[in-house]
Amino acid sequence: MTRLVGATLCAALLASPAIARDKDNALVAARQTRSDVAGLKAPAQILVDVWGIPHIYAGNEHDLFFLQGFNAARDRLWQIDLWRKRGLGLLAKDFGPAYAAQDKALRLFLYRGDMTAEWAAYGPKAKTYAEAFVAGVNSYVGDVKAGKRPLPIEFRIAGTMPDLWSADDVVRIRSHGLTRNVASEVKRSLVACAAGLDADRFRVKLEPAWTTKIPDGLDPCSVPKAVLAAYDLATRPVAFARPKDQKAALAHDPDKFLTEADQQRDTIGSNNWVIAASRTATGRPILANDPHREHSVPSLRYIVGLNAPGLSVIGAGEPALPGISIGHNDTIAFGLTIFNVDQEDLYVYELNPANPNQYRYGSGWEDMRIVKEKEEVKGEAARDLELKFTRHGPVIYVDEENKRAFAVRSIWFEPGTSAYFGSSDYMTAKDWTGFLAAMRRWGAPSENQVYADTRGNIGWVAAGKTPRRTGYDGLMPVPGDGRYEWNGFLTLDELPKAYQPKQGWFATANHMNLPEGYPVAERKVGFEWADSARWQRIAEVLEKNSKVTLADAMDLQNDDTAMIARRLVALLKPLSSDDANTKKGLDLLKAWDARDTADSAAAAVYEVWISNHLGRVLLKTTAPKAADLIAPEASSISAITAYLEKPDAALSADARDRVLRDSLGEATADVAEKLGADSSTWRWGRLHVAKFDHALMPLADKATAAQMSVGPLAYGGAANVPRAATYRRSDYQLTSGASFRMVLDVGNWDASRTINTPGQSGDPFNAHYRDLAPLWATGQYVPLLYSRPAVEAATAEAISLTPRR
């Protein structure tokens, strides 16, 4: 119901006297702003609607992408400047020596290959778009540096200034992208060393059914727990803290890192689906997408409309990149979710005792490539950096005592794998053929791309650089002596796809969706996927509805039905207990509808149970040597549920029931301690809240810090329901999920709906910094307007831009 209310609210807003205006005077009531812009070639306009979505109108392609960069700087300058400095390893220059180690790690993962091949990999206009985008960013930055435009407050808090960009910066940065599964390789080695490889079944369920083995030549006990310290530093967000807290904030905690990496299988992903015209109420296709990433303020995603002669697209992308990755043009719509290709491996090398810069390869010793660079550091002299690389990738750890080195091989070091930048290619496609042509060039992240067009066609294609491994499966580290190599990459035709599917719809949710009969042994795409629970619920709903409406699609994006809960509650049904806490838990869960709503007491008990109690008790019973490594944080509820349904000889029926009762009793007592003894007051939303805190808050004064925070907001959902809402297991506060949602009425574009959170703006003192958060928290949407008349009718600010003479 809340989704319908949201859609109705948006329609009412457009019809209200404050917004709907006579066509000839549509922009009269909007706030008028004029500005001259260095580098702009012709007059242009940015219309910002009442929800903070900018719609850019330019007379040519150069000015369009120039203004996309200019507008990104206007609204999100701190965010995109930090993105660049982090990605290039330039943090210490601005923030001091505490960030020097992170800089070095980041530089290890930069693209250092041939730039001609790099630009060619993205399609014919990629470099042109990037050069124009960067010129727009630099035009705004130049004015800030010259005092012609205000310096955003974040720079004043941090005591820094924005820098100028080059086009190469946009694509050389790789470490913000999503690849997998090097952290899982390390964790599997640790489990195998401590308790045997079989114990790892509680940590992750391998799909399709697969039995891995320890690679020949690998001693799993030789892999240090902290081997990925540099990888962690290179892939984490930038953390800020007061000087006394900096060491702790910036330190590598291997247990925390490996645990969070395990959790990402079910927490970092997306839902999307596409529905054929024959199964919708409108007779037009519907495409829906809600990508799930770590929540932040400003939001990771930024919604923008781009309009110039011959090009008109709208949707969301990452603000530091040209183009959009999720949205539509005038004829096609597109959306993405992670398709879990294993795109990286950890290599272990024997070092030459006589020369630590040589490693064994084949029958001899091979020299590492050594790159020397300068690193500027605020407050001290520049430092000399020495970066080492093997033929496979950057050396991230050296075990000097045992004469071993470790390096990461990743698709990041291949041309064309800058995350999401390939969307600049497919966003202008006009049909399925053109879309597939762009997908053949797509590198990273590996994605389930769904498609719909105004002719009524729908489709799905899995795309991304997929290593071809022969003789090993990529599930554990491997010796780097030449026995375990990538033999090129799978082609798009070797990956699955579907066009005009018979069932009239197609959905993906990061689950294992390789079709039956796919030659897994020959094409080892990957074996570690998100639990299928989100997809199962989406499929259940879509299969039952032959006339899906936009409101239905919005409801489904906010659906909080827990498919795994149904299975676990079925195991609880025969049980009883004399223990008061266990009895209370059983009574609540047996009567529960398996929905993680914010007002549910049973949902609170269930989520606390599966997060912090069930896995720990099970593992202490069945695999005590692995319990500390796996449970509860890193245990897979999918694997645990499957095991409890069909236990092996290690767990008798009586022992299973005891595990269920004991762990549930503990969880119920835990909830009582947190929410009080009176269970009538328990609510999942009292524990599970959304709060968006700006990374710079520790450096701001108290009043400004309060202004930079949004929330808390009570929120339903959880990791494995369509309304994805992953939380910290320590306090149940929301950490990741769908910040951006989109539901498209394909062909009737102005009827489409979207939401971002907490808002479009990066300025804490701008109304659009937080205005969308309450709508998002209650499952509501705003219009994603496409036509010029509709945009003009909803314009709150009209920015007229002219070339600076």
Side-chain angles (χ1 to χ4, degrees), residues 187 191 194-206 259 262-263 265-266 531-533 562-592 594 596 601-674 679 682 684 718-720 727 729-730 732:
K187 195 60 173 278
V191 173
L197 196 52
D198 184 59
D200 197 58
R201 71 192 187 280
F202 295 113
R203 186 183 63 88
V204 56
K205 180 182 178 182
L206 300 183
T259 293
D262 266 333
Q263 292 173 349
R265 268 189 304 278
D266 287 330
D531 187 88
S532 62
M563 302 297 278
I564 294 175
R566 290 181 182 176
R567 295 161 61 190
L568 287 171
V569 169
L571 295 176
L572 296 177
K573 287 287 187 183
L575 303 185
S576 60
S577 177
D578 294 330
D579 176 77
N581 286 317
T582 306
K583 185 178 185 305
K584 171 62 72 176
L586 288 170
D587 289 345
L588 283 169
L589 293 188
K590 287 181 182 183
W592 183 41
D596 277 316
V605 172
Y606 170 75
E607 291 296 336
V608 170
W609 180 44
I610 66 168
S611 297
N612 287 309
H613 298 279
L614 178 58
R616 180 177 53 78
V617 174
L618 174 65
L619 276 148
K620 284 191 173 181
T621 303
T622 57
K625 291 182 179 179
D628 290 339
L629 278 171
I630 296 176
E633 295 89 352
S635 57
S636 162
I637 190 58
S638 173
I640 284 172
T641 302
Y643 180 75
L644 288 169
E645 289 172 328
K646 294 182 179 179
D648 57 22
L651 189 70
S652 67
D654 287 345
R656 180 188 67 179
D657 292 348
R658 188 165 57 251
V659 165
L660 291 168
R661 280 193 294 259
D662 290 352
S663 59
L664 182 58
E666 288 183 10
T668 308
D670 193 358
V671 174
E673 184 176 342
K674 290 177 170 60
S679 61
W682 295 355
W684 175 224
N720 287 308
Y727 49 81
R729 299 191 185 202
S730 58
Y732 306 97

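In this chain, numbering begins with 1 at the start of the sequence shown. Bear in mind the structure is a predicted one, so any value in this text is a computation, not a measurement.
For the salt bridge (Lys or Arg N to Asp or Glu O under 4.0 Å) test, residues two or more places apart in sequence or in another chain that qualify with Asp200 are Arg188, Arg203. Listed by chain and number, the residues in a salt bridge (Lys or Arg N to Asp or Glu O under 4.0 Å) with Lys625 amount to none (sequence neighbours excluded). Every residue two or more places apart in sequence or in another chain that forms a ring pair (Phe, Tyr, Trp, His ring centres under 6.0 Å) with Tyr727 is listed here: Trp684, His688, Tyr732.
In this structure, Lys620 does not pair ionically with Asp662, as no charged nitrogen and carboxylate oxygen lie closer than 4.0 Å. A salt bridge does not link Arg658 to Asp654: none of the charged side-chain nitrogens sits closer than 4.0 Å to a carboxylate oxygen. For the pair Asp262 and Lys187, the salt-bridge criterion is met [side-chain N within less than 4.0 Å of a carboxylate O].
A distance of 8.5 Å separates CZ of Arg661 from OG1 of Thr582, quoted to the nearest 0.5 Å. Rounded to the nearest 0.5 Å, atoms CG (Leu651) and CG (Asp648) are 7.5 Å apart. Atom CH2 of Trp609 is separated from atom CG of Asp670 by 14.0 Å, given to the nearest 0.5 angstrom. Ile640 CD1 to Ile610 CD1: the interatomic distance, rounded to the nearest 0.5 Å, is 9.5 Å. Atoms OG and NZ, from Ser679 and Lys584 in turn, are 3.0 Å apart once rounded to the nearest 0.5 Å. Taken to the nearest 0.5 Å, the OG atom of Ser577 stands 11.5 Å off from the CG atom of Asp657.
Contact annotation: the side chain of Leu664 approaches that of Leu589 to within less than 4.5 Å [non-hydrogen atoms, C-beta and beyond]. The closest side-chain heavy-atom distance from Val191 to Ile630 is below 4.5 Å. Side-chain contact check for Arg656 versus Leu644: some heavy-atom pair is nearer than 4.5 Å. In this structure, the side chains of Leu571 and Leu568 come closer than 4.5 Å at one or more pairs of heavy atoms. Leu586 is not listed as a side-chain neighbour of Thr668, based on a closest heavy-atom distance of 4.5 Å or more.
Closest approach of Ala570 and Pro574 over heavy atoms only: O-CD, 3.7 Å. Looking at every heavy atom in both residues, Lys205 comes nearest to Ser638 through CD-OG, 4.0 Å. Closest approach of Ala533 and Ile564 over heavy atoms only: CB-CG1, 3.9 Å. Closest non-hydrogen pair, Arg729 versus Gln263, comes out as NE-NE2, 3.2 Å. Contact detail for Ala603 and Asp596: the closest heavy-atom pair is CB-OD1, 3.5 Å. Listed here is the closest heavy atom pair of Val671 and Ala604: CG2-O, 3.9 Å.
Distance alone, capped at 3.5 Å, places no donor-acceptor pair between the Asp531 side chain and the Ile637 backbone. Remark: the backbone N or O of Leu660 is paired with a side-chain donor or acceptor of Ser663 at under 3.5 angstrom. Remark: the backbone N or O of Asp198 is paired with a side-chain donor or acceptor of Arg201 at under 3.5 angstrom. When atom types are taken as modelled, the side chain of Lys590 and the backbone of Val569 share no donor-acceptor pair closer than 3.5 angstrom.
A tilted orientation is assigned to the rings of Trp592 and Tyr606, their planes being inclined by 30° to 60°.
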